[in-house]
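By convention here, the first residue in the shown sequence is residue 1.
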Amino acid sequence: MEKRFRIYVYEEGDPPIFHNAPCYGILGLEGIFINDMEISGFRTMDPEKAHVYFLPFSIITLINYVFTGTANWEPMYNTVRDYINVINQKYPYWNRSLGADHLMFACHDWGPAISRSIPHLYKNSIRALCNANTSEGFKLSRDVSLPEIYLPHGTTEGLLGGPSPSVRTILVFFSGGVHGYIREVLLKHWENKTEDGVKIQKYLPKGENYYTQVRKSKYCICASGWEVASPRMVEALYMGCVPVLVKDDYAKPFSDVLNWDTFSVDIPTRRIPQLKDILMAIPQRKYIRLQRNGVRVRRHFVVNLPPKRYDVFHMILHSIWLRRLDIHIRDIK
């Protein structure tokens, strides 16, 4: 991939809506990817040598600068449609493949809905999405699942590393608001329970630090909120806590090459009442393997500035590359 794969970034469009997005916070991966692609060795300035064509708009900036704050999303839809019309008139590549070798990148929950307003973008293009919900049109064979990564200050400073399993005193931890059905069920059954090792609550008491609790815990609940994506999964991996995924219809990031069963635990929503029993039934040796494997795969979720081999930027590109290999332009109708 490193030797062959090349992406052409369309130069059309002006900031702040194009070629620009915030690089910090819960949706910072959008801006980081846009910036990394602008300077990446995977970028080619010759569109004839490209395998993929990147549409450098950001859902976040569409919302910040185009969205009117009403139920009318047409201005955002029209902005993306107009952009595709511009490149379609200037270049042959969109028409040649009906968008199949084109890439959009979105961490905001509205990314899938906005893509749906342009039929070829939704049906044909490679959509790299944090909101990777297979019940809402996410296609495993074509789309790319992105990890949602919370970077409070735009870097991983202070987020990486944690104590060994032997000093983790909390069996399972979760703290968060009632955002969506799954969290409602979780908190209904487990909020403020006094059972040993279970620390599940809406909000931490004053003076307690969220990351400190993650580092004290063996297992960390990564439950869907309003949508399937959540930064808790990556936070757990960053800090050496085994992620417990409580999500329906979620396409896990990088599952083409990573076996999630070796470093995480899946618990179906219907089994939330048995949460503690399920985790207690995991032998200590297996827990140690899960935790150590999580530490090993952590580098694939780390944001480096600039990017380094095998980090999250390269893993995303590898996922895009794999999907591009399955596209035969002449077959697109």
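- A single hydrophobic cluster is not seen to contain both Tyr65 and Leu27; linkage of ILVMFWY side chains at heavy-atom distances under 4.5 Å, directly or through other members, places them apart.
- The main-chain N or O of Ser217 is found under 3.5 Å from a side-chain atom of Arg168 such that the two form a donor-acceptor pair.
- Between Arg323 and Asp143 the shortest heavy-atom distance is NE-O, 2.6 Å.
- Taking the ring centroids of Tyr91 and Tyr10, they lie under the 6.0 Å cut-off.
- You'll find the ring centres of Tyr219 and Tyr287 inside the 6.0 Å limit.
- Separation of the Trp190 and Phe174 ring centroids does not fall under the 6.0 Å cut-off.
- Side-chain atoms of Asp46 come within 3.5 Å of backbone N or O of Glu48 as a donor-acceptor pair.
- Here the side chains of Val297 and Thr262 are not in contact, with every heavy-atom distance at 4.5 Å or above.
- Hydrophobic clustering (ILVMFWY, side-chain heavy atoms < 4.5 Å, transitive): Leu98 and Tyr93 are in distinct clusters.
- Pro253 is listed as a side-chain neighbour of Met233, based on a closest heavy-atom distance under 4.5 Å.
- Phe301 and Tyr238 make their closest contact through O-OH, 2.7 Å (heavy atoms, listed as atom of the first residue, atom of the second, distance).
- Side-chain atoms of Arg324 come within 3.5 Å of backbone atoms of Ile327 as a donor-acceptor pair (strictly under, hydrogens ignored).
- In the hydrophobic clustering of ILVMFWY residues, with side-chain heavy atoms under 4.5 Å counting as a link, Ile26 and Leu237 come out together.
- Looking only at side-chain heavy atoms (C-beta outward), Val52 and Tyr8 stay at 4.5 Å or farther from each other.
- At a threshold of 4.5 Å between non-hydrogen side-chain atoms, the residues Met76 and Val80 do not count as touching.
- Within the 4.5 Å cutoff, side-chain heavy atoms of Asp261 are placed close to those of Asp266.
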Exercise answer: donor-acceptor pairs, residues 146-157 side-chain atoms, under 3.5 Å, sequence neighbours excluded:
from: Thr155; atom 1: OG1; to: Glu157; atom 2: N; distance (Å): 3.3

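- The ring of Tyr210 has its center closer than 6.0 angstrom to the ring center of Phe173.
- Put simply, the side chain of Asp101 reaches to within 4.5 Å of the side chain of Arg96, judged on heavy atoms.
- The ring of Phe254 has its center no closer than 6.0 angstrom to the ring center of His318.
- Using a distance-only test at 3.5 Å, with no hydrogens or angles considered, a donor-acceptor pair links the side chain of Asn78 to the main chain of Glu74.
- Note on Glu11 versus Lys90: no salt bridge recorded, every NZ/NE/NH1/NH2 to OD/OE distance being 4.0 Å or above.
- Counting heavy atoms from C-beta on, the side chains of Ile34 and Ser58 come closer than 4.5 Å.
- No donor-acceptor pair closer than 3.5 Å links the side chain of Thr269 to the backbone N or O of Ile182.
- Proximity of Ile278 to Arg271: side-chain heavy atoms (C-beta onward) are separated by under 4.5 Å at one or more points.
- At least one donor-acceptor pair under 3.5 Å links the side chain of Ser125 to the backbone N or O of Gly99.
- Cluster membership for Phe313 and Leu159, using ILVMFWY side-chain heavy atoms within less than 4.5 angstrom, is shared.
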